[in-house]
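Nothing here was measured: the structure is a model prediction, and the numbers come from that model. In what follows, every chain begins at residue 1, and chains take the letters A, B, ... in the order their sequences are listed. What's counted below: heavy atoms across the whole structure, side chains too, no hydrogens, waters or symmetry copies.
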2 protein chains.
Amino acid sequence: MSEQKTNSDTRDRILDVAERLFMENGYEATSMRMITGAAEVNLAAVNYHFGSKEALLREVFRRRLGWLNQNRLQALDRLEEQAGGGPLKPSQILEAFFGTLLRMGEDKALGGMTFLRLLGRTLTEPAEFIRTFFAGEYAEVIDRYKQALYRALPDVPQAEIVWRLHFMLGAMSYAIAGTDVLRVVTGVEVGDLAGERPVPDDDTILARRLAQRLMPFLLGGLRAPLPQFDEPAGSQKKELPTKAARESRTQI
Amino acid sequence: MSEQKTNSDTRDRILDVAERLFMENGYEATSMRMITGAAEVNLAAVNYHFGSKEALLREVFRRRLGWLNQNRLQALDRLEEQAGGGPLKPSQILEAFFGTLLRMGEDKALGGMTFLRLLGRTLTEPAEFIRTFFAGEYAEVIDRYKQALYRALPDVPQAEIVWRLHFMLGAMSYAIAGTDVLRVVTGVEVGDLAGERPVPDDDTILARRLAQRLMPFLLGGLRAPLPQFDEPAGSQKKELPTKAARESRTQI
DNA sequence: CTAACATTAAAACGAACGTTTGAACGAACG
DNA sequence: CGTTCGTTCAAACGTTCGTTTTAATGTTAG
């Protein structure tokens, strides 16, 4: 779906270019002159339209995360409504959370894989203003999904669920960032598929493949057997933080 | 003969401080003046001892990754020897790969959690010289472990294994980076445990907890049911070795 | 002691950074 | 027409960046 972006507008051109360059180089390594140069606008345009470089980055994310998290909440609303008060299946919850995100990767109007990669790389940036911003943007969504998972997995300690949500976010972030040592893999995958028929788009294929591979992995991790704690026998562990810290390596 | 007398003071102090500051601020946002100032050495000392800022970062990693990947290889050697030519268990492989890393987090002499966090955050940095460096440092280890996993999971398509190795690396990187929206979790965990007895160290506890929680998750993800491919044409996408295509790409 | 070498010190380099300024432009409107 | 107002422009601001230079200071061996 060819979307006619109003690229004639200075403001949008800056946002689009900044999104790409921040993804390619990171925030610090991307200068205002690189952005305004590539967008073919005046150097002062960023400060005029957004106020500062930090505010520009925030706006780059806001226009995408707004849509994303809103749709995540709606997806959860829909599921809970059709469940009629009962708990959801973990797979449904993961599909709503991660599927909504990964579907952005297939839609260029929503930023496509460019935004997904930017998001994955920025989530680990240590800059304080970035962390603060993300914390605010994600607060409600994370809380809602955490509650949903608590209800979906009543026998799993809540602390354990939070850890695993943490791990799932990491697996996804890293995978969509796609900067790592295994990068070639995706190339192979896409290459294998390329000659079959009229390809929609390399990034679109990648996004679909990624979703297809990632979701079973996440679900398997989420539902993995719990680590063994030394506890009084027959205890019905609720949320209680386990007392004994095991020195021994986990026997998996 | 000559000892390492020359590397005694200034050089090591720079490395220690750089490790911490790169972790806290990222590579680009950490200036030479911040490093030399905190290390209480002259500004020119970095260029004298290491040549450049890039070379400094490489050396920060080299002194840790050398130990890490060497021990990873040794651990794998040991397992394969005692298996006498047979395949290893996936849990053994993961323990060797991730356990070796996570044990660094408990040992201050090996960099402790500071280095682990730095590693997790740097793995997603887009700078070319960083990616190139990591690719070289990890090449042998990744290849060896990939082969071990292929043999341990003969019924799983190799491409799928690589994807999941990818996901596992992500879950671990993100978890040890510890910058994300769920950051509070670790604080709660550590706090719950703190008053118990003479605490080894907050970071040590965190490293142990992390290993204990992460390993079952990774194993669950690795062994999750395979995704079903709903390919329109043919659909007998059994995904056997696909020999030619696989060898066509050079591994990292 | 002296010569040679390795390290540290202070100062400066040019380049690039994010941001600000003040003028110029162009459409809108009375 | 003149005025206003949102936007764009070229130029410069002061600061900080990584690196280099040159001299001073140990340190070691002949």
Side-chain angles (χ1 to χ4, degrees), chain A residues 5-61 118 122 125-130 132-133, chain B residues 1-63 118 122 125-130 132-133:
Chain A
K5 302 180 178 181
T6 46
N7 268 3
S8 52
D9 193 30
T10 299
R11 211 184 124 92
D12 286 341
R13 277 230 308 287
I14 291 174
L15 286 174
D16 289 341
V17 166
E19 182 173 76
R20 199 189 81 238
L21 292 184
F22 283 148
M23 179 273 284
E24 291 173 356
N25 313 301
Y27 173 74
E28 297 283 351
T30 303
S31 73
M32 303 281 262
R33 284 165 180 84
M34 291 167 64
I35 296 171
T36 54
E40 297 178 282
V41 300
N42 189 268
L43 171 59
V46 170
N47 287 284
Y48 174 78
H49 284 283
F50 303 98
S52 68
K53 189 186 175 185
E54 290 193 3
L56 169 61
L57 180 69
R58 276 191 293 263
E59 189 54 35
V60 164
F61 277 103
L118 172 65
T122 311
E125 290 247 350
E128 192 55 39
F129 86 96
I130 296 180
T132 303
F133 172 74
Chain B
M1 291 300 288
S2 61
E3 333 257 341
Q4 58 265 43
K5 52 184 179 292
T6 56
N7 319 2
S8 51
D9 235 21
T10 301
R11 196 165 192 277
D12 286 342
R13 275 229 306 288
I14 291 174
L15 286 174
D16 289 340
V17 166
E19 183 172 74
R20 198 190 80 238
L21 292 184
F22 283 148
M23 179 273 284
E24 290 173 356
N25 314 300
Y27 173 75
E28 297 283 350
T30 303
S31 72
M32 303 281 262
R33 285 166 180 82
M34 292 166 65
I35 296 171
T36 54
E40 298 179 283
V41 301
N42 189 267
L43 171 60
V46 170
N47 287 283
Y48 175 77
H49 284 284
F50 303 98
S52 68
K53 189 186 176 185
E54 290 193 2
L56 170 61
L57 180 68
R58 277 192 293 263
E59 188 55 34
V60 164
F61 278 103
R62 185 152 17 227
R63 69 168 178 168
L118 172 64
T122 310
E125 290 248 350
E128 192 56 39
F129 86 95
I130 296 180
T132 304
F133 172 74

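Here the two rings, on F61(A) and F22(A), have centers that are 6.0 Å apart or farther.
Residue E54(A) contributes atom CD, which lies 13 Å from atom C1' of dT19(C) at whole-angstrom precision. We find that CE of M34(A) is positioned 14 Å from C1' of dG18(C), with the value rounded to whole Å. Atom CD of E28(B) is separated from atom C1' of dG18(C) by 15 Å (rounded to the nearest Å). In this structure, E40(B) atom CD and dA9(C) atom P are separated by 11 Å, rounded to whole Å. A straight line from NZ of K53(B) to P of dG18(D) spans 4 Å, rounded to a whole angstrom. Look at CG on N47(A): it is 15 Å from C1' on dG22(C), rounded to the nearest Å. Distance CZ (R13(A)) to C1' (dT7(D)): 13 Å, rounded to an integer number of Å. Summarising the geometry, the separation between CG on N25(A) and P on dA16(C) is reported as 15 Å, rounded to the nearest angstrom.
Put simply, T10(B) has a side-chain N or O that comes within less than 4.0 Å of OP1 or OP2 on dT8(C). OP1 or OP2 of dT8(C) sits under 4.0 Å from a side-chain N or O of H49(B). Contact between the side-chain N/O atoms of S31(B) and the OP1/OP2 oxygens of dC17(D) is found at a separation under 4.0 Å.
Here the side chain of N42(B) is nearest to one of dA11(D), dT8(C), dC9(D), namely dT8(C). Minimum atom distance to the side chain of L43(A) is reached by dT19(C), of the listed dG18(D), dT19(C), dT8(C). With distances taken from any side-chain atom of R33(B) to the nucleotides dA10(D), dG18(C), dA12(C), the minimum falls on dA12(C). Closest to the side chain of A44(A), from the set dT21(C), dT19(C), dT19(D), is dT21(C).
The base-pairing partner of dG30(C), taking Watson-Crick or G-U wobble contacts with both distances under 3.5 Å, is dC1(D).
Salt bridge status for R20(B) with E24(B): present, with a side-chain N to carboxylate O gap under 4.0 Å. Contact check on R13(B) versus D9(B) returns a salt bridge, with a Lys/Arg side-chain nitrogen under 4.0 Å from an Asp/Glu carboxylate oxygen. Using a cutoff of 4.0 Å between basic side-chain nitrogens and carboxylate oxygens, R63(B) and D16(B) are scored as salt-bridged.
For Y48(A) and A29(A), each mapped to the nucleotide of DNA chain C holding its nearest heavy atom, the one lying further toward the 5' end belongs to A29(A). Heavy-atom distances to DNA chain C give each of V41(B) and M32(A) a nearest nucleotide, and the one nearer the 5′ end belongs to V41(B).
Proximity of a side-chain donor or acceptor of K53(A) to a complementary backbone N or O of V46(A) within less than 3.5 Å is not detected.
At a threshold of 4.0 angstrom between heavy atoms, the contacts of T36(B) with the nucleic acid are absent.
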